[in-house]
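Here the structure comes first, spelled out in structure tokens, and everything after it is commentary.
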Amino acid sequence: MLPYAPWIAWLLPILGSALVPAFFRIHKRAGELYSILLIAAAAAASFSMVPDVYGGRSLLVSVPWLVLPGGEVLEFGLLVDPLSVLMACIATGIGLLILVYSVGYMAHEEGLPRYWFFMTFFIGGMTLLVLSDNLAGLYIGWEIVGICSYALISFYYHRKEARYAGIKAFVTTRIGDVMLFAAIALLFAKYGTLSVSEIAHEVELHGIEPQLMTLAMLLAFGGAMGKSAQFPLHVWLPDAMEGPTPVSALIHAATMVKAGVYLMARFSWTLIPVEHLGTSGLDQWYSLMISIGAFTSLFAATMGLVMNDIKRVVAYSTISQLALMFTAIGAGSIYGWTAGTYHLLSHSAFKALLFLAAGSVIHAVGTNDIDRMGGLRRYMPVTFYTALVGVLSLSGIPPFSGFFTKDLIVNSLLKGGHWVPLALVTAASVLTVVYSFRWLSRVFLGEFRGGEVHHPDGHGGLHESPPVMTTPLVVLAALAAVIGLPPVEEQFLHFFGIEEHIEVDPMAYAVSALILGTGLLFSYLYFLGGRLDPASVRSGALRPIHTLLVNRYYIDAAFEAVFVNGFIKLASAVRRYVEERVIDGLNYASARAFVYFVQAFRYIQTGSSNVNVGGIAIGIFLILIFLLGRLLGYF
Amino acid sequence: MWLLPVPDQLEVLIVGALVTLAVGSLSGREWGRLASSVTATVSFTASLYITLVQFLNGYRVTFGPGQGIPGSVIVVDQLSNFLSLVVLAIFVFSSIYSVGYIEERHTEFFSLLLVLAIGMLGVFYAGDAVSFFIYWEVMSLSSYLLVAFNYREWEAVEASLKYLIMSSTGSAALLFGISLLYGLTGDLTFAGMRSVLASEALARETWSIAAFAFVVGGLAVNAAVAPFHFWLPDAHPAAPSPVSALLSGVVIKAGVYGMLRLLLNVFPLEQYGWQLGLLMLGLVTMTVGNLMAALQDDIKRLLAFSSIANIGYIVFGISLGNQLGLVGSVLHVLNHAVAKALLFLSAGSFIHTFHTRSLEELSGAGKVLPVTGITYSVGALSLAGVPGLNAFVSEYVIIAGALASPFWPFAVVMILNVLIGAMYHLRVIQTIFLKPSSQKVNPAREPGYSMLVPMVILAIAAIVIGVYPAPFLSAAEAALRSVILVR
């Protein structure tokens, strides 16, 4: 470990981000270089912690933060264990790649200091979130990433949709935040500490209290649902695609949306020791997680089928894949837990890759609409082949990473006998294959349908992105290709200190084969082979379903009608009848009364020395009277 | 103790004062400014450094009679060093700030600053009543002169004269109380008085109660505890802003120190039962200060009343007598010094630029001078009790101490007072940032670095103490332990 690595990993980006605008004042390149070096240092610190925790070791680094008089010490602790180090490496490592990519992608944008400040600040917040042992620190990180996400979604603030999407994301995740806060408060009330490892120690000594813990965990899952966009709080993530694409790749694919998964993984790893998973009396927590997860995975995948925005397809896919992770952890076994975290790792690589590839395409074509793309394989070969790796990995085609990690998820569901979730996950995975290939073929295959392409930077025509953008693509593609391979899997398990070999049920392979067979068949029929016309779906028997999906099950519209418009109506009624008449009236009356009182009171300050010395005399006299009264026993 | 039989930090200041006077008088007008400001600042910094080293090493020493000045006892302990640290830090910043602010008679000004510091440190280190009183008068006399520094203005002269009269009354009361104590105990050292007064019989004596009333009354005049406070709102605003920062930030803390030392160390609580009386004084003081500040239009007068209110919090904390209350009070001495010095220096920057003290005429001033506006807001928000800034920590600890004491219902009074404080501090922030600019507020440049740097450093200090209070709380605790252990 580098000296002070656990501190450097998050403190450096958080504090250093404040200087980003100053470096941009010097020169644009200075600002970019500074930000990248900052995150590179944080990444070096994060990766240097890997050998220290390898094999499931963990260490607690803490400093006294607030010493209350009387000896009570509030500690600020960092928990360095495999899970937190894995997450920190994802946040800083993929963050670094995405920052490098941003140099090219954001080259012609206004407001760069703002962008780079929030990106570096975000990475610091995310690393704090995952490294903090203290739930207060975790919550601070949780809020930092939330505010950065809001600011970066609304980066193009002159566009109404972007502003609106930022607010929608912030408010929706806030519902979850409140629940997480309640969970933390509950744990604190019960255990009198905010430290996860101390709570875990208490649990180990005195056993678990199923009712209280279930309530706390359900509330924490509420927080996770908000941050990780699970039904019904998923509505913000597709709209969040209004932000710049590197933001989507970093925040809405690789890191922040994983915070919820991390939280669940953290609680079911540290609070409840692995060997007790499933027998801890927290069944309701696990069943809610697996139900919401399995449902959301299918639900989001259906909407991914019909979206025409190159980024929204990937966004719905993200919701669906995050749901798979919750399903796996919700299986409540060590198989499920490892499958979920492993899928988290592989998803970070291939989903960041897909977003960056989408960004590369948008950079070249200047639109998000996949109806105006096509045939880009010829113009953008690097982007195409890396995107292909991403698609193969996402749809779970061997030997790419998604195949192995999804196989483990299916395996854990099989072993636990969770048949309904298994069915839902299988259907979701079939749809995943279909929408992935639809996306690939609409964007890269066939003929270009976009007409003339004009570039803001002058040189016309379709062209490959600059090396500063394609290099991160290639690195991520290499990662997405190898992360799932059996030797890596073995290392991954050893990293967490899990020595037993995970037997994969032969049935799991059968299910995977079924998924791939069905998925590829539909993909071939509709997109790759062109045997059926995809447009036929929009007419005929499937039309109502298509309309339903394009309108996102009318959930967003319903939320808008009930919560947004309903709230505005309620608020204006409250304002008219309660605020203006009752509260304002009282306020003005009390303010006037206070002013009159103080104006009268001010006469005691006369400014006349005689009166003032008299005040001193009276004061001494009063002290005397008081003490004599005590002496004579009157008080 | 190389030349003079006093602690090193005091000696540095005495030598510094003489050197400043000599160097400043010998060099011409232009050089005098530079020479006197540099020697003064260097003396303060050196003294601060010596004190810091002593504080960190837990240095404790007593110079008895025969070792030091004949008949004088000097005690250096953690409490006196903690207060000296606070005082010297504010002196360093004020003296740097004065380089840009003071426009004439620099030699006189900086020598007086050094004499003021000598008086204050002497009060902190005095171990017997006579040296305490002598240093007390050194401090008071130099304060009068500094208040009247702009002697061509009628306001300054009137305020200084008033301050002189009132403060002399207080000193007279203090001296009378001391003489009574001497008569009762036959000893002038605090340690000697303590051992005699601790006996039950003497505490029942009427004259010992009279002595207590006069001593505490005399200290209360300096600390501006209501109803002894009337001089402060006149004297502090009339002085030049860096001096106001010193007077409001640290000089009134000499009275607080006197109370801490005498109440905890000389007049035992068991015999004198001063707790409830002091509590009432604290509550009255904070209420009077806050109510008077609420509607002020003169920005410096508002800050002066806010100082009275904060003295009320400190006295309230001392009166609780439990550890939380005492630690909170000692820490609030530091926090209020930082925040109030910051506020007066920032207000001084506005006044220096726009030549007015009226809040109405300063409307929109923060938009013209953003750095000053921000540093002012940091100080104002801190005293308004915003978490994350320094004053919140100590106010919170005092309130926690109140809640843990038998006097817990009175915590409500303090909470209400903090709310009133928030009200007028926010009003000022709103005035300088949100209101449309008044006619007096013309486009202007921020003042020079000598004024900006102290403000910015103090603002950063306010944030640092607010975010990471642990070391400062333990320092306050260490300071207090040296007094309580003696008892």
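Chain letters run A, B, ... following the sequence lines, proteins first, then strands; residues in each count from 1. Every value quoted in this text rests on a predicted model; they were computed, and no experiment measured them.
- Within 6.0 Å of CZ on Phe181(A) lie no more than 12 heavy atoms contributed by other residues, nucleotides or ligands.
- Ile623(A) contributes atom CD1, which lies 5.5 Å from atom CG of Leu281(B) (distance to the nearest 0.5 angstrom).
- If you measure heavy-atom distances from Tyr163(B) to chain A, you find no contacts under 4.5 Å at all.
- Interatomic distance, Phe76(A) CZ to Tyr468(B) OH, rounded to the nearest 0.5 Å: 11.5 Å.
- Using a 4.5 Å cut-off between heavy atoms, Val225(B) makes no contact with chain A at all.
- For Ala210(B), the parts lying under 4.5 angstrom from a heavy atom of chain A are both the backbone and the side chain.
- Note: Lys162(B) leads His229(B), Lys162(B), Met280(B) in heavy-atom pairs under 4.5 Å with chain A.
- Interface check for chain A: of the options Val288(B), Val221(B), Leu161(B), Leu278(B), the most heavy-atom pairs under 4.5 Å are formed by Val288(B).
- Heavy atoms only, all atoms of each residue included: Ile165(B) and Ser609(A) are closest at CD1-OG, 4.5 Å.
- Contacts of residues 611-621 of chain A with chain B at a heavy-atom distance below 4.5 Å involve Asn612(A), Val613(A), Gly615(A), Ile616(A), Gly619(A), Ile620(A), listed in sequence order.
- Interface residues of residues 588-605 of chain A toward chain B, defined by a heavy-atom distance below 4.5 Å and sorted by number: Phe594(A), Val595(A), Phe597(A), Val598(A), Gln599(A), Phe601(A), Arg602(A), Ile604(A), Gln605(A).
- Counting non-hydrogen atoms of other residues, nucleotides and ligands closer than 6.0 Å to CH2 of Trp7(A) gives a total above 12.
- Expressed to the nearest 0.5 Å, how far CG of Leu624(A) lies from CZ of Phe214(B) amounts to 6.0 Å.
- Proximity to chain A is limited to the side chain of Ile420(B), based on heavy atoms less than 4.5 angstrom apart.
- Applying the 6.0 Å contact sphere to CZ of Phe392(B) captures more than 12 heavy atoms from other residues, nucleotides or ligands.
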